[in-house]
Amino acid sequence: MSTTNKLGAALSAAVIALLGPVPTRAADWLQFGYSQQHSGYNTAETQISPANVTAIAQVYSVSLPHSSDSSPVLLTAVSTASGSKDLLFLVTKDGHLLALDAADGSVLWSKQPTSTGGNLTTGAPAIDPNRQFVYAYGLDGYVHKYAVGDGSETTSGGWPQLSTSKPNAEKGASGIAIASPPGGVNYLYSVTDGYIGDGGDYQGHVTTVNLSTGAQTVFNTLCSDQNVHFIGSGTNCSSRQSGIWGRPGAIYDAGTNRIYVATGNGQFNASTGGHNWADSVLALAPDGTGSGGGMPRDSWTPTNFQDLQNGDIDLGSVAPAILPAPAGSTAAHLALQAGKDGKL
């Protein structure tokens, strides 16, 4: 299906830094791509510049219990049994969530929910805006909630939260995402796609969790009129093999107060009264709801959607990128979508 960026290797996670003294502390990096838009642009980090970038050198390399095809998140000044530490949180492909001392790579704690089979994940964890908890997808199909300092798991208030009832067919390949829209409620997003080879009965969907109440909402990209976790082959939905493949997962845009996902593979028939949204960009409310009746809040599907499906040149190999509107633009809100067809 989609191509991926190999951010981890069989050996380890390596850390680089500038040679010489570091005058300022690192800034928290709470989720994949740093921000709610997953822009990867951290304005709080100013130490590296074109003038000194050649001085970057590896500080240490750490062997992991399994390879990782994800990226870590960072939380500074965490209270632990060993004192205050900056911690890196990283998920390995076999479902380990590791809390690493950012100074030397030593493991402070690790968790690995029981897997239901030979599954793997390439998703990244995310840290709660309150800085008290870290969330990670487990190979049991649930999103788990852990205390950042010691890894103790929350098992009340709806946690762990179901992300898929079919972890052998639906893959948690994207980062856990968190948005903080106006109103004071933070939302967590977990999306699914399929495993390599496009086999199996998977229906990509967005699971949204209200972090204040633990209540969740499901929006399926196939059979979208059913807001449930499908439980078996053909049991709920006869359509199959559409996924949300972008590594960041759901993208939140403050300008429109919506989340956006892009899909690839599967059937599209929403333009003729159906409820299948393959090879489309979909907009949902921050709480994960559409406009009712299986409809998203907004959508865009290219006219050659069937050609994309027939040729396995999916639109949604990556997530939408929110763009600033240039001066004089007639559109106030812009995003860019790339596909396997090589077009923007």
Side-chain angles (χ1 to χ4, degrees), residues 2-80 82-94 96-110 121-127 129 131 134 136 148-149 173-178 246-249 251 317-319 321-324 336 338:
S2 65
T3 57
T4 57
N5 294 320
K6 300 291 184 180
L7 299 180
L11 171 64
S12 62
V15 172
I16 59 175
L18 288 172
L19 299 178
V22 179
T24 57
R25 294 188 62 84
D28 292 343
W29 189 287
L30 302 184
Q31 58 184 304
F32 185 99
Y34 179 66
S35 65
Q36 299 175 119
Q37 294 183 357
H38 308 287
S39 65
Y41 180 43
N42 180 358
T43 58
E45 295 282 12
T46 59
Q47 186 180 357
I48 299 174
S49 71
N52 64 17
V53 69
T54 56
I56 290 177
Q58 180 174 295
V59 175
Y60 61 77
S61 179
V62 182
S63 295
L64 303 175
H66 198 278
S67 61
S68 177
D69 193 351
S70 181
S71 58
V73 293
L74 171 71
L75 187 64
T76 60
V78 179
S79 178
T80 75
S82 304
S84 178
K85 294 181 177 293
D86 296 346
L87 296 184
L88 293 166
F89 297 95
L90 178 70
V91 173
T92 60
K93 292 171 73 174
D94 66 346
H96 278 94
L97 172 64
L98 305 174
L100 306 167
D101 187 332
D104 58 18
S106 58
V107 178
L108 269 70
W109 57 263
S110 68
T121 179
T122 53
I127 298 166
R131 306 181 82 255
V134 58
V148 293
S174 303
I176 300 296
I178 295 177
R247 279 302 183 92
I251 305 291
S317 291
V318 298
I322 305 300
L323 303 178
L336 181 144

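Each residue takes its place number in the sequence, starting with 1.
Taking 4.5 Å as the limit, some side-chain heavy atom of Ile56 sits within range of a side-chain heavy atom of Ile48. At least one side-chain heavy atom of Leu98 sits less than 4.5 Å from a side-chain heavy atom of Thr92. Side-chain contact between Leu30 and Leu75: present, with at least one pair of heavy atoms (C-beta onward) separated by less than 4.5 Å. With contacts defined as side-chain heavy-atom distances shorter than 4.5 Å, the pair Asn42/Trp29 qualifies.
Closest approach of Phe32 and Ala124 over heavy atoms only: CD1-CB, 4.0 Å. Pairing each heavy atom of Leu64 with each of Ser68, the nearest pair is CD1-CB, 4.2 Å. Ser174 and Pro248 get closest at one heavy-atom pair: CB-C, 4.5 Å. Nearest approach of Ser70 to Arg247, heavy atoms of both residues: CA-NH1, 4.4 Å. Between Asp69 and Lys93 the shortest heavy-atom distance is N-CG, 3.8 Å.
Legend: salt bridge (Lys or Arg N to Asp or Glu O under 4.0 Å) pairs involving residues 96-109, not counting sequence neighbours, sorted by first then second residue: Lys85-Asp101.
Proximity of a side-chain donor or acceptor of Asp86 to a complementary backbone N or O of Ala77 within less than 3.5 Å is detected. Gln31 contributes a side-chain N or O that, together with a main-chain N or O of Ile178, makes up a donor-acceptor pair within less than 3.5 Å. The main-chain N or O of Thr43 is never found under 3.5 Å from a side-chain atom of Tyr34 such that the two would form a donor-acceptor pair. Here the side chain of Glu45 pairs a donor or acceptor atom with the backbone of Ala27 at under 3.5 angstrom.
The residue from Thr80, Thr76, Leu74 that alone fulfils the side chain to side chain contact (heavy atoms under 4.5 Å, CB included) condition with Leu87 is Thr80.
Atom OG in Ser110 sits 11.5 Å away from atom CG in Leu90 (nearest 0.5 Å). Rounding to the nearest 0.5 Å places NE2 of His38 at 10.0 Å from CD1 of Ile322.
Applying the side-chain contact (heavy atoms from CB on, under 4.5 Å) rule to Leu97 yields the partners Phe89, Val91, Trp109, Pro125, Val134, Ala136, Tyr146; only residues at least two apart in sequence or on another chain are considered. Every residue two or more places apart in sequence or in another chain that forms a side-chain hydrogen bond (donor to acceptor under 3.5 Å, both in side chains) with Ser39 is listed here: Ser35.
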